[in-house]
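To find a chain, count down the sequence lines: A is the first, B the second, and so on, and within it residues start at 1.
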Amino acid sequence: MFQSISQCLNSSTSTLFHARQAHALFLKFDFFSNTQLTTSLLTLYSHYLPFPQLSIILSSLPQPTIFSFSSIVHAFARSHHFHHVLGAFSHMGSRGLVPDSYLLPSAIKACAILKALKPGRQVHGFAAVSGFGSDSILVSSLVHMYLKCNRIEDARKLFDSMSERDVIGWSAMIAGYSRLGLVDKAKELFSEMRNEGVEPNLVSWNGMIAGFGNAGSYIEAVMLFREMISEGFLPDGSTVSCVLPGIGNLEDVLLGEQVHGYAIKQGLELDNFVLSALLDMYGRCGCASEMSRVFNGIDQTEIGSLNAFLTGLSRNGLVDTALEVFKKFKAREMELNVVTWTSIIASCSQNGKDMEALELFRDMQADGVEPNAVTIPSLIPACGNISALMHGKEIHCFSLRKGIFDDVYVGSALIDMYSNCGRIQLARRCFDLMPSRNLVSWNAVMSGYAMHGKAKETFEMFHMMLQTDHKPDSITFTSVLSACSQNGLTEEGWNYFNSMSKEYDVKPQMEHYACIVTLLSRVGKLEEAYSVVKEMPFEPDACVWGALLSSCRVHHNLSLAEIAAEKLFVLEPDNPGNYVLLSNIYASKGMWDEENRIRDMMKNKGLRKNPGCSWIEIGRRVHTLLSGDKSHPQMKEILEKSDKLSIEIKKSGYLPMTKSVLQDVEEQDKEQILCGHSEKLAVVLGLINTNPGQPLQVIKNLRICDDCHAVIKVISRIEDREIFVRDTNRFHHFKDGVCSCGDFW
DNA sequence: ATAGGGTTAG
């Protein structure tokens with residue numbers, strides 16, 4: 001019977017039921033006096049019961065020994081229940097039992113994993129007074145604990161005090177420095193170790209490789225990897241998964257494939273870490289099909305691989321596939337974690353699926369997954385993209401409630417969001433309240449000011465930034481130059497442009513030339529702009545020619561327009577906008593034959609004018625309005641309100657700018673067409689559905705037209721509303737009958 | 001029964 005109970009307790013197929021049955025026998029026959037049997041029973045129990053229940057059983061033991069506790073502590077450690085390890089450990093103290101040198105390392109490990117510095121120090125103190133101070137295993141675990149708690153100095157002091165420093169201690173220290181990105185220190189230690197005659201093992205190498213990878217020194221990491229192989233080490237799963245991110249970042253797909261082949265040969269493709277690292281590598285190298293092949297070959301998909309796959313799909317522009325895969329695994333009731341949700345939310349907000357991103361955020365919370373400091377800045381851009389100010393504010397509040405507010409990514413995302421929703425002052429306040437800022441934060445606030453046409457503030461921020469440790473990059477200059485071009489500041493524009501490479505070591509790129517060309521051509525210096533285009537150090541792209549073409553329309557320069565259009569028809573033959581611009585120029589000159597020729601070109605290519613489209617957030621809903629589309633359920637009210645407004649607007653002396661309608665139609669019809677412009681529909685819809693005095697924000701997928709601009713100015717006065725309109729170019733802030741752009745755009 | 005290393009989200 002003794003034997004059979006023992007066998008039953010130690011069998012891997014035994015369940016909680018068996019444990020309870022055995023427990024009854026223990027009570028009946030008083031087996032608790034047998035230490036070995038008691039230990040087996042507790043070990044079995046510890047697979048099924050959380051600490052509080054186990055502790056009751058422990059308390060009921062007539063004479064618990066150190067072994068009773070050991071079995072439980074180690075079982076918890078094996079099953080990663082580190083809170084319970086600490087619980088059992090302190091319970092043991094209260095029962096008057098003194099831990100031995102076998103038990104202490106487990107307790108210390110638990111402190112390390114939980115980053116519980118205080119209990120860690122207590123155990124350290126106990127070990128010191130109990131004479132374990134020279135036990136190398138124990139001291140190694142203490143070194144590790146201090147490293148995990150980010151107390152590198154304490155760890156180093158302890159490590160230096162060790163009389164016999166073995167490869168484990170060295171490797172721990174190397175990995176500790178590596179994790180903090182202190183690769184020079186890690187390297188130093190690595191050679192010191194060899195000088196002391198301790199040979200590195202796989203773990204030491206892996207620690208080094210991971211460190212260089214973490215620090216972004218991918219080339220060094222790959223070099224170490226090769227060096228390690230040349231010294232005769234066989235990379236294992238850990239090596240492979242810490243070198244692959246570097247290979248992915250370098251987009252060295254050939255090396256990636258070699259490593260993949262090696263992983264297969266070594267049977268490492270069953271290792272989940274290796275799998276997700278492989279998926280990530282192929283994703284970064286742009287090998288979507290190879291990535292999918294790896295993913296589809298997986299027997300049992302683990303969450304890390306799913307996450308890596310989703311991100312890889314999105315990286316390669318396959319958002320719809322990512323969403324499908326996500327839904328498939330959610331339906332399979334796979335347990336999704338915060339990384340999965342964040343990844344799919346980011347895919348949506350980065351790929352124009354903003355409403356989906358907001359919905360997914362709700363689903364995530366309904367699923368009981370807690371968003372974190374990475375989720376928030378992945379979601380916030382979705383609000384900015386569609387000017388969903390209320391949603392944006394809600395998420396801002398959410399992050400404040402959750403205590404996620406001193407994160408530099410969150411702060412920068414909020415700056416972008418508020419400025420994309422027209423609230424540049426709120427954006428600035430977020431910037432001012434940030435406890436620390438990086439280049440992204442500075443760029444965000446400057447790009448906000450630039451979008452709002454606030455050149456003075458953009459320059460102010462630029463010079464404030466120079467007072468800090470941050471150096472301007474190419475994005476910084478894009479903002480500064482576009483602020484110049486919004487305001488026609490030719491001289492300042494040239495000064496900043498010339499200072500880029502001279503003073504700040506930033507080479508002007510395509511977008512900077514595009515800014516300068518826009519700036520010059522918009523103030524009418526079309527010939528100067530054209531000579532910049534001709535003298536650029538690289539082939540001008542569609543943005544540059546497009547800037548020139550749209551200014552030609554404003555300044556009625558037909559010959560240059562034809563040159564620019566010809567280039568554009570080659571560079572982007574399927575962009576209807578270019579044909580429309582050129583045909584509009586012909587139309588404005590009454591050249592109807594040429595106009596028709598261009599229209600025919602479009603028709604032959606099967607191109608149609610991009611329909612004007614505007615969005616407006618009303619309450620918690622975002623409404624989409626298409627130009628000339630009558631399908632909105634409130635269309636009748638919109639038209640009624642438009643008619644009333646028309647009367648008022650005409651009374652104020654405004655005449656419809658029929659020049660904006662460049663079609664060969666009767667004057668009467670032109671007025672009709674103007675009424676259908678999507679931005680006007682959106683403004684009117686906003687007027688109907690919001691309280692008097694409430695500001696409105698509208699975004700438009702094309703540039704705002706002259707007539708809408710004039711009409712919205714009047715509306716802002718007679719309806720006493722602030723109206724924010726974001727078009728593809730900039731912000732227009734209408735208030736009291738004037739617009740922040742000063743009618744120059 | 002005790003010690004060291006890895007992947008995936010901005």
Side-chain angles (χ1 to χ4, degrees), chain A residues 39 43 66-67 69-75 77-78 99-109 112 132 135-145 147-148 159 162 166-176 178-179 200-211 213-214 235-245 248 268 271-281 283-284 302-312 314-315 336-347 349-350 364 371-381 407-410 412-413 440:
Chain A
T39 308
T43 307
I66 180 88
F67 296 107
F69 281 95
S70 285
S71 61
I72 286 182
V73 163
H74 291 128
R78 268 197 307 278
D100 59 11
S101 68
Y102 288 103
L103 203 49
L104 285 169
S106 285
I108 297 167
K109 185 179 180 179
F132 295 122
D135 182 317
S136 92
I137 292 179
L138 201 143
V139 180
S140 288
S141 24
L142 282 170
V143 168
H144 182 232
M145 185 273 295
L147 287 170
K148 285 281 178 185
F159 175 71
M162 285 172 79
D166 57 10
V167 67
I168 290 174
W170 283 102
S171 303
M173 281 307 298
I174 290 168
S178 274
R179 262 194 303 274
N201 62 12
L202 256 185
V203 178
S204 337
W205 281 104
N206 291 347
M208 292 283 289
I209 296 170
N214 281 342
D236 66 355
S238 173
T239 324
V240 167
S241 52
C242 62
V243 75
L244 277 171
L268 300 175
D271 182 323
N272 287 323
F273 286 80
V274 171
L275 276 174
S276 37
L278 277 171
L279 293 164
D280 177 66
M281 182 274 295
R284 285 179 197 272
E302 186 263 349
I303 190 71
S305 301
L306 175 64
N307 296 346
F309 186 52
L310 291 174
T311 308
S314 152
R315 237 187 217 124
L336 308 177
N337 64 19
V338 62
V339 179
T340 326
W341 285 100
T342 305
S343 164
I344 196 73
I345 288 172
S347 310
S349 67
Q350 287 161 3
M364 170 184 187
N372 65 16
V374 185
T375 318
I376 303 296
S378 310
L379 175 68
I380 293 176
D407 184 280
V408 65
Y409 289 95
V410 172
S412 306
V440 178

Assign [X] to base, sugar-phosphate, or nothing according to its heavy-atom contacts below 4.0 angstrom with the strands shown.
| X | result |
| --- | --- |
| A:F309 | nothing |
| A:A373 | base |
| A:S101 | base |
| A:N337 | nothing |
| A:G207 | nothing |
| A:D100 | nothing |
| A:V274 | base |
| A:D407 | base |
| A:S378 | sugar-phosphate |
| A:R179 | sugar-phosphate |

Check: What residues, two or more places apart in sequence or in another chain, satisfy salt bridge (charged side-chain N to carboxylate O under 4.0 Å, His left out) together with A:R315?
Finding: A:D280

Next item on the list: Assess whether side chain to side chain contact (heavy atoms under 4.5 Å, CB included) is satisfied between A:T43 and A:H74, documenting all intermediate values.
Entry: CA-CA 9 Å; A:T43 307; A:H74 291 128; over 6 Å; no

Checklist line | Non-neighbouring partners of A:P381 that pass side chain to side chain contact (heavy atoms under 4.5 Å, CB included), sequence neighbours left out | finding: none

Check: Residues two or more places apart in sequence or in another chain: which of them pass side chain to side chain contact (heavy atoms under 4.5 Å, CB included) with A:N337?
Finding: A:I303, A:N307, A:V339, A:T340

Notebook entry, point to check: Which residues satisfy the ring-ring contact (aromatic ring centres under 6.0 Å, His included) test with A:F69, sequence neighbours excluded?
Noted result: A:H91

Notebook entry, point to check: Can you list the residues that meet the ring-ring contact (aromatic ring centres under 6.0 Å, His included) rule with A:Y409, with sequence neighbours excluded?
Noted result: none

Next item on the list: Considering only heavy atoms of chain A and a distance under 4.0 Å, specify the first and last nucleotide of DNA chain B in 5' to 3' order that meet this criterion.
Entry: B:dA1 to B:dG10

